[in-house]
Each structure stands twice: as structure tokens, then as C-alpha cells.
Amino acid sequence: MNFSVIASSLGQAFEPGMLVMVLVGTVLGVIVGSLPGLTSTMGVALLVPFTFGMNPAMGLALLGAIYASSSYAGSISAILLNIPGTPSNCCTLLDGYPMTKKGQASRAIALSTIGSAIGGLISVFALLFLAPPLAILALEFGPQEYFVMALFGVAIIATLSEKNLIKGVIAGIFGLLLSIVGMHPITGEARFTFDLPELFNGLSLVTALIGLYSLPEVVSMLKEKGAAASSGKVEVSGIFSSMKELLHYKMLTLRASIIGIIIGIVPGAGQSIASFIAYDDARKSSKKPEEFGTGCPEGVIASEVSNNAVVGGSLVPAFTLGIPGNAVSAVLISGLMIHGIQPGPSLFADNSEIVYSFIFSLFIANIAFIPIGIFCAKYCVKLLQMPKEIMAALVIGLSVIGSYAVNGSMVEVWVMIAFGALGNFMKYFNLPREPLVLGLVLGTMAESELARALALVQGDIFRLTTGIMTSPICLIMIGLILYSVMHSLLKRRKAIKAAATKETLAEAV
């Protein structure tokens, strides 16, 4: 590592032009992320053409700032309106919105903002100092490792469904079934697409999330009268109190950051998976796991820290190997190549100053979205003071616009409405929606990686099983799967015994 180059790059990152690009990118990223349907990938992709005439370092600073800030900003609508701005914020609303209903919108937004910044900053340090050795880890993952990792994600359904395991498993299996809509990953055979081209790539996770969570909330709003929700303010004082609270949860923050970085390094895993795994870890390690889903700050912290930690992690294989960690880093790779910079093992040697200045600009962006995010949330929170009828109309409007924006098609709007009806059905019968979302997220990945793994062994199940059982990574994840399931079952048995004991004591009295 050439420290003179790093010092020169640090100075370049603080040049006025670079700072302006970071500021513009951060503002645009907050806007893109907070609007349902406009994902980080879409925001970065739309701005790539505008960087053609720029200095490479400035163009990358703009794109990196959009990536970092949009990953955070989806939490604003998730917390205030129960609509995840991006798929990576789907876990944030589980506790963020209940905090808003308790009148703690300011606290939830501040925790989300500071937590996201900390996760992002830790991942930038990992990218700066650990990129080459961490990239080697990504090369160890083959189809069988990806398949077992998807199974590990599915095992989290047991944790998300501790209160009613049967209902949770049913919802998770239904999510897995919905994930097969679209074209088969190997043969290209169309399944349940009804000859609609919009469904060839499967059901959009963004559309599903908007429908599952926003429309049931509209129905709840219209059943009641008065203000939309508990009123609240987002003040600067909330930032400092949140810093103290995050210090209290420092180990949770560190674990969520590590989870986000590792998931980011693994190509194709993505921020949604990182959020679910970090949320599951937070719940397992919490002294009061029963509070999760009712407005627990630990849930907001774990989700937001992990999804922003993915940002730096996803750039590790992108820069050092030329392998995109996710869709956004794939777009960033195209941005590099447009400027004549070839990602790969020689990137840090051939274009070290540009790369290091980009990394430092990413560091600045993670700090910049704190005041910008708080400023935007300060005015967004005024939405909570609207009459519920007006709020319901606003949520429906955002849901339709967000769904349409996914592919520019009315088919997505109808899919969103269908998921809205499903969400209302599940809410009425007290079926958990989170396992369904997790099944939808992981189903496509599990199927495609299993198909690839089988193709490599020419359909020989014995060879596939042997490969899995002799892979250290697979064995570690199988151990984690068994631990996750057994931990959830034991906790459920203890809860049943405690309830029976309490009932016996009550009868005796």
C-alpha cells in the first residue's frame, strides 16, 4: 500500500469539485431512495451518462454518493409510511413503523441515519485496507455454496415465525412458490407468466413489498378517523441521543457491519439478504426478543447498519476481481470502463489515485447524508400530521407511481394491487408477511444455484451431496442452519412451558 498515493488521493477527495459532486450525489440519492420504486441501481444507472464528460474521479464520486445515500434513504418512507423505499429497507419497517405509531418517529429516523452512516463507514475502511484478501473469499463461492447460503436464509423463517411456526412456514413456502414465476434460470422455460413479457424476469421484489405493506396500511388508515399517526419532530438533539444509544448497542452495530460486509463481498447476495440475516442475529442475541416487531430500536439498527455495510463490501470483488457484488456495483463497473479504467487485480496498481479518491469520497458521502437525511426527514415527518384520508390517498399515489416506475408498465401496478390484496388477507388472518418476503427473495437464488450445481455434476445427486459435505464453507453454513432452527425451536418450547406454568399458577390462585 503506497501511503504517498493515499495522501494525495485524500487531498483530491477534498477538492471543491469533488465535494460538490459528493453533495449533489448525496441529495439525489436521498431523493431516489426515499421514493418507493426508485432503487439504488436505477439511480446510479440514470446518472452514468452524465459522467461521460467528467473527470473519472469526479464521475465516480457522484455515482458512489448516490449508491451510499440511496441505500439509507429508503428507511425514511419505511419508517414514516410503512413503505420500503428500496428492497434493502424491507426489515427496517418491521420495527421502524411501530416506533412511528408510538410517537418515536424522530428516534427511529435518527437511529436509522446514524446507524447507516456507521455501517457505511466501517465498510469503506474494509474496502480501503482489506480489499485484496477479502476478494479471495468471494472466489471460494461456487453454485453449491450459494445454494446452501440460500437455505441458510430460508432457515431464518423459523426465527421470524417463533410466535406461530406453522403460519410462518406456510407463508415462507408460499413465497418460495411465488419465486418460480418467470423463466427457468437454465432452460428458459416460461412459468406462470400468462404470456406477459413483464413477468418473464419474475415478480419484482419492489412491487411485492409496496403491495404487501402499503395497501394494508391504507385499509387500516381508512378504518380510523383523526390524525394519520402520532405527530413528531426530527430535531438535531435526536442525533446526539441516538449516538449515545448506538454506543449502548455497539456490539450489535459491529456484528451487523461485519454481516453486511461479508454478504456484500459474496457476489449476487445483496442488501435484502444482509438485512434479514442481521435482523435475525439481533433478535437471537437480544435480551428481549419478544419486543422485535413492536417498535424495537435494535431491529432498526441491525437492518440499516447491515444494508449500508453492503455498499463497501460489494465493491471489494468489483474492484479487485472485476466481479460485481450486486446490480449497483455492476453499473459502477460499467462507469469505470467507460472512463477507460479496467477493474481487476491491477486496478489498484494502474489507477490507484482515482480508486483511492473514490473510496475517500465514499467516506465523505456517508457522513454527508447525516445532515441531509435529517433535514429531509424533518419535513417528511410533517406527513404524520395529515388527516388519514389524505394520507391514504398519498400512499396509494406513491404505491402506483413506485410500481409503475419499476418497468414502466401497468402490469406492475396490477401485480402490486394483487399483493396488496394478499397482504390484507394475511393481516386479517394474522399470517406473518416477513417469511413470504424472505421466500420471494431467496427462492430465485436457491433455484438458479441448485440448477447450476446440478448441471456441473451432470445431474448426479450423490456427487452434489459429496461436494456440499466436503466444502468447508457449506459445512459452516449447515452448522449455522442447524443452530438457527434448533435455537428457534428451543425458544418456542420454553415459551410454551412458561405459558403453561403461568396458566397453572393462575388456576391454583
Side-chain angles (χ1 to χ4, degrees), residues 35-37 74-75 77-98 100-101 156-157 160-161 163-164 166-181 192 199 202-224 228-229 272 275-276 279 292-295 299 303 388-389 391-406 410-443:
L35 292 175
S75 66
S77 57
I79 290 168
L80 299 181
L81 301 175
N82 204 33
I83 307 174
T86 66
S88 61
N89 306 108
C90 56
C91 277
T92 306
L93 57 77
L94 301 181
D95 288 285
Y97 188 66
T100 294
K101 294 178 80 172
I156 294 174
I157 290 173
L160 294 175
S161 315
K163 293 180 180 177
N164 197 321
I166 295 175
K167 286 184 177 180
V169 170
I170 290 171
I173 291 173
F174 188 60
L176 290 171
L177 290 173
L178 287 176
S179 71
I180 68 173
V181 173
F192 305 105
L199 297 181
L203 295 169
S204 166
L205 181 60
V206 176
T207 305
L209 287 171
I210 291 173
L212 278 173
Y213 288 101
S214 64
L215 296 192
E217 197 56 41
V218 168
V219 174
S220 298
M221 286 179 190
L222 296 177
K223 285 181 179 178
E224 303 170 10
S272 300
S275 293
F276 272 110
Y279 187 88
F292 276 70
T294 64
S303 173
K388 291 204 171 183
E389 292 80 3
M391 173 65 88
L394 176 65
V395 171
I396 290 174
L398 284 173
S399 299
V400 171
I401 293 169
S403 302
Y404 184 81
V406 172
M410 281 300 296
V411 172
E412 296 291 348
V413 177
W414 288 112
V415 171
M416 182 272 294
I417 292 171
F419 271 102
L422 176 61
N424 272 299
F425 173 84
M426 296 180 76
K427 190 173 181 180
Y428 182 80
F429 287 100
N430 199 28
L431 288 164
R433 287 168 282 180
E434 294 74 38
L436 187 147
V437 173
L438 189 56
L440 198 57
V441 168
L442 295 169

Margin query: Restricting to non-hydrogen atoms, name the atom on F276 and the atom on C91 that form the minimum distance, rounded to 0.1 Å.
Written below: CD2-SG, 3.5 Å
Next item on the list: Please answer whether the main-chain N or O of F292 pairs with a side-chain N or O of D95 as donor and acceptor at a distance below 3.5 Å.
Entry: no
Check: Taking all atoms of both residues into account, what is the closest heavy-atom pair of G439 and S179, and its distance?
Finding: O-CB, 4.1 Å
Note to self: Give me the atom names and distance for the closest heavy-atom approach of A78 to L93.
What the structure shows: O-CB, 3.6 Å
Next item on the list: Would you name the heavy atoms of G295 and P98 that are closest together and state the gap between them?
Entry: N-CB, 3.5 Å
Notebook entry, point to check: So, do Y97 and I79 sit near enough that their side-chain heavy atoms are less than 4.5 Å apart?
Noted result: no
Notebook entry, point to check: What are the two closest non-hydrogen atoms of G211 and P216, and how far apart are they?
Noted result: O-CD, 3.3 Å
Checklist line | Spacing of CD1 belonging to I396 relative to CG belonging to L215, to within rounding of 0.5 Å | finding: 7.0 Å
Next item on the list: Return the minimal non-hydrogen interatomic distance between L199 and F192, and the atom names on each side.
Entry: CD1-O, 4.3 Å
Item checked: Between CG on residue L436 and CG on residue L431, distance to nearest 0.5 Å -> 9.5 Å
Next item on the list: Indicate yes or no for a side-chain donor-acceptor contact from S303 to the backbone of G299 under 3.5 Å, with no hydrogens or angles considered.
Entry: no
Only pairs under 3.5 Å count here: list side-chain donor-acceptor contacts from residues 410-427, not counting sequence neighbours, and write none if there are none.
| residue | atom | partner | partner atom | Å |
| --- | --- | --- | --- | --- |
| E412 | OE1 | T207 | OG1 | 2.9 |
| E412 | OE2 | N407 | ND2 | 2.7 |
| N424 | ND2 | G420 | O | 3.1 |
| K427 | NZ | S220 | OG | 2.7 |

Check: Who passes side chain to side chain donor-acceptor pair (under 3.5 Å) against S75, sequence neighbours left out?
Finding: S112
